[in-house]
Amino acid sequence: MDLSVQLAPKSKTGFLLKNPVMTASGTFGYGTEYEHLFDIQSLGAVVCKGTTLDSRQGNPQPRIAETSGGILNSIGLQNIGVEALIKEKAPIWAKWKVPVVVNIAGNSIEDYASIARKLEGVPGIHGLEVNISCPNVKAGCVEFGSDPTSAARVTDAVRKETSLPVWVKLTPNTSDVISIALAVANAGADAIILINTIKGMAIDIKSRRPVLGNVTGGLSGPAVKPVALRMVYEVAGVIKDVPLIGSGGIMTANDAIEFFLAGASAVQIGTANLINPRAPIVILEGIQSYLQQEGLDDIKNLIGAGRVS
Ligand SMILES: Cc1cc2nc3c(=O)[nH]c(=O)nc-3n(C[C@H](O)[C@H](O)[C@H](O)COP(=O)(O)O)c2cc1C
């Protein structure tokens with residue numbers, strides 16, 4: 001059975017994943033924390049926590065709140081910073097079979113470019129995922145992802161600094177995801193991830209105060225799946241030459257298959273990891289069983305097969 005997917009078809013080297021299941025940034029640490037729980041080397045890729053130029057402490061607690069059909073998080077990009085990542089994590093990744101993609105975020109376009117420059121040529125890093133969609137930080141990030149011109153400028157700035165595949169992760173917190181997707185595709189994105197979390201909040205009726213220390217957070221989990229699926233479907237209708245990666249409420253193999261049918265070439269597993277850290281592998285096995293039952297021998301036969309022409 002052929003599960004391989006090409007996630008940088010326009011780049012010279014390409015970026016061929018052995019299967020289309022990867023972890024979503026921020027829900028799987030640096031991968032190292034999960035190594036003892038299952039064979040993470042059998043995943044298509046591991047995407048690490050959002051990485052900034054300097055280390056960050058993140059937002060005040062509480063930073064996670066359960067809500068109907070999902071969770072709200074306002075972590076605020078807590079991370080060790082790019083230098084520590086290069087020194088402490090990349091040497092471990094360099095020994096892995098599974099490719100690692102580094103999710104990068106910044107307050108300015110120059111921040112993104114500097115991180116990309118620092119990561120160029122570092123063994124153990126196979127791609128960059130440009131996060132222009134984090135709703136939980138005061139400056140930058142989602143500000144760039146909400147406007148086609150600035151989304152394209154960030155993509156272009158990273159593109160110029162790296163020979164690695166560049167994926168761009170978009171926000172659903174916009175009325176026009178298609179224009180933003182077209183802008184980053186034209187600026188040289190090798191693949192596009194849809195979607196990051198949806199901005200939301202919760203209020204504690206006893207204390208009569210917002211539940212999250214940051215007041216607002218990002219909604220993820222089953223509640224967001226229909227929105228993510230719709231955005232993949234819409235963008236796949238206009239962008240044919242840049243692969244899409246589905247992210248949002250994928251809890252089971254059936255959820256993942258819906259995303260392939262809508263036009264995604266691969267999927268990212270996020271909130272599901274917080275319930276079952278083995279979720280990515282369970283989902284991968286479920287996709288294989290589905291293909292077998294349906295008499296299909298190539299995952300590529302599913303991609304876009306649910307679209308109405
Ligand atoms: C606790 C938590 C932390 C996250 N951190 C990041 C991050 O650092 N960078 C990023 O691009 N997305 C981050 N995300 C978004 C996820 O990668 C994913 O795109 C989103 O949660 C939707 O998928 P899901 O419903 O499967 O979780 C985070 C999500 C959660 C729940």
Side-chain angles (χ1 to χ4, degrees), residues 21-31 33 45-52 55-59 61-82 85 101-106 112 115 127-137 140-142 144-145 154 166-173 191-200 212-214 217-229 231-232 244-253 255-256 258-259 264 266-277 279-280 282-283:
V21 179
M22 63 188 103
T23 59
S25 177
T27 64
F28 207 70
Y30 295 94
E33 301 88 334
V46 166
V47 182
C48 81
K49 175 65 192 167
T51 298
T52 48
S55 64
R56 291 176 59 110
Q57 293 300 317
N59 288 327
Q61 301 279 0
R63 308 196 293 192
I64 298 257
E66 265 190 67
T67 184
S68 311
I71 57 168
L72 289 160
N73 93 79
S74 61
I75 308 295
L77 291 179
Q78 179 182 357
N79 78 97
I80 60 175
V82 68
L85 178 132
V101 174
V102 177
N103 179 290
I104 65 173
Y112 286 91
I115 302 171
L128 303 182
E129 180 178 273
V130 184
N131 175 3
I132 47 169
S133 43
C134 178
N136 299 322
V137 285
C141 214
V142 75
F144 299 116
V154 176
V166 175
W167 297 349
V168 182
K169 184 164 177 182
L170 301 190
T171 178
N173 302 305
I192 296 171
I193 297 102
L194 295 150
I195 56 174
N196 208 316
T197 55
I198 301 177
K199 198 169 180 182
L212 294 170
N214 187 52
L219 178 65
S220 63
V224 310
K225 193 188 93 180
V227 178
L229 193 65
M231 288 192 166
V232 166
L244 307 182
I245 302 171
S247 162
I250 302 173
M251 313 301 280
T252 64
D255 293 333
E258 281 190 68
F259 277 84
V267 289
Q268 297 189 341
I269 314 305
T271 301
N273 297 321
L274 310 183
I275 299 164
N276 175 9
V282 174
I283 290 171

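Counting starts at 1 for both ligands and their atoms, in listed order. Since the model is a prediction, treat every value here as computed from it, not as a measurement.
If you check which protein heavy atom lies closest to atom 27 (O) of ligand 1, you get T271 OG1, 2.6 Å. Protein heavy atom nearest atom 20 (C) of ligand 1, with residue, atom name and distance: T197 CG2, 3.8 Å. Given atom 15 (C) of ligand 1, the protein heavy atom at minimum distance is N196 OD1, 3.4 Å. Among all protein heavy atoms, the one lying closest to atom 8 (O) of ligand 1 is K49 NZ, 2.8 Å. The shortest contact between atom 22 (C) of ligand 1 and any protein heavy atom is with S247 OG, 3.5 Å. Nearest non-hydrogen protein atom to atom 21 (O) of ligand 1 is S220 CB, 3.3 Å. Looking at atom 30 (C) of ligand 1, its nearest protein heavy atom turns out to be N73 ND2, 3.3 Å. Nearest non-hydrogen protein atom to atom 12 (N) of ligand 1 is K169 NZ, 3.0 Å.
Taking only non-hydrogen atoms, the option from G70, G249, G270 nearest to atom 25 (O) of ligand 1 is G249. Across the listed options A105, G26, S25, G248, S25 owns the non-hydrogen atom lying nearest to atom 16 (C) of ligand 1.
Contacts of L77 with ligand 1, taken as heavy-atom pairs under 4.0 Å, involve the side chain alone.
Using a 4.0 Å cutoff on heavy atoms, G221 counts as a contact of ligand 1. The closest approach between a heavy atom of N79 and any atom of ligand 1 is not below 4.0 Å.
Inspection of the S220 and N73 side chains reveals no N or O donor paired with an N or O acceptor under 3.5 Å.
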